[in-house]
Each structure stands twice: as C-alpha cells, then as structure tokens.
Amino acid sequence: DVEGDCPCRYITPAWMSPDGKERLPFFSNAGWLRVFDVDDNHITRTVDVRQVDGFALAAWSPDGSQVAFMSDKSIGIIDLGSGAIHEVDW
C-alpha cells in the first residue's frame, strides 16, 4: 500500500527543485521515494526503493531528473523517469 505509508521518514533540505518548481522529495516509512508538489498539493512521483536500507539524506540532481541519496550502507542515485536505482556500498 503506497498511499497509507506516511508519515514520511526523512525530509530533505532540497525544498525547491532545480527546475524552479517547489517539489519536495521524501522517503516514506514503507520504502518509497515520493516527490510532493507543493504548488499543486499532491504527490507527483512514487518510486519503490525498498531494496535500499535506511535512508538518511536526499538531494536533487542539477537538472531535477534524479535524486541522490545517502543511506545507512550506501550512496546512490534514483532516476525519477525510469525508477532505476544506482547504488554503491560504503
């Protein structure tokens, strides 16, 4: 259930995405990356990230198409278009 798994686990300090839109990426407790559009007041993207353990931080890529993250055991990038996760262990 991707709709009922909030409250969010971590909120990134990257409030405004690089494309100028007020979008907020956050990780939910159930293992989903969500992108919340502040202007429209709804979630615009949901990516299954349950394979990654213990998210701590997230940041936008310069073009706003990806979210970089740091977890308990790795760093990586989540492509918002495809949902692909590229992860490197510590």
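Model, not experiment: these values are computed from the prediction.
Here Glu22 contributes atom CD and Asp39 contributes atom CG; the two are 5.0 Å apart, rounded to the nearest 0.5 Å. Summarising the geometry, atom OG1 belonging to Thr44 is positioned 6.0 Å from atom CZ belonging to Arg23; distances are rounded to the nearest 0.5 Å. Of the inter-residue distances, the one linking Ile43 atom CD1 with Phe36 atom CZ reads 7.0 Å to the nearest 0.5 angstrom.
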(request) Show your reasoning for whether side-chain contact (heavy atoms from CB on, under 4.5 Å) applies to Phe27 and Val47. (result) CA-CA 9 Å; Phe27 297 102; Val47 178; over 6 Å; no
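Contact annotation: the side chain of Phe69 approaches that of Val52 to within less than 4.5 Å [non-hydrogen atoms, C-beta and beyond]. In this structure, the side chains of Phe26 and Val67 stay at 4.5 Å or more apart for every pair of heavy atoms. Val35 places a side-chain heavy atom less than 4.5 Å from the side chain of Leu80. You'll find the side chain of Gln51 reaches within 4.5 Å of the side chain of Ile85, heavy atoms only.
Every residue two or more places apart in sequence or in another chain that forms a salt bridge (charged side-chain N to carboxylate O under 4.0 Å, His left out) with Asp48 is listed here: Arg50. Scored by the side chain to side chain contact (heavy atoms under 4.5 Å, CB included) test, Ser65 finds Ser61, Asp63 as partners (sequence neighbours excluded).
Sequence neighbours left out, not one pair with a member in residues 78-90 passes salt bridge (charged side-chain N to carboxylate O under 4.0 Å, His left out).
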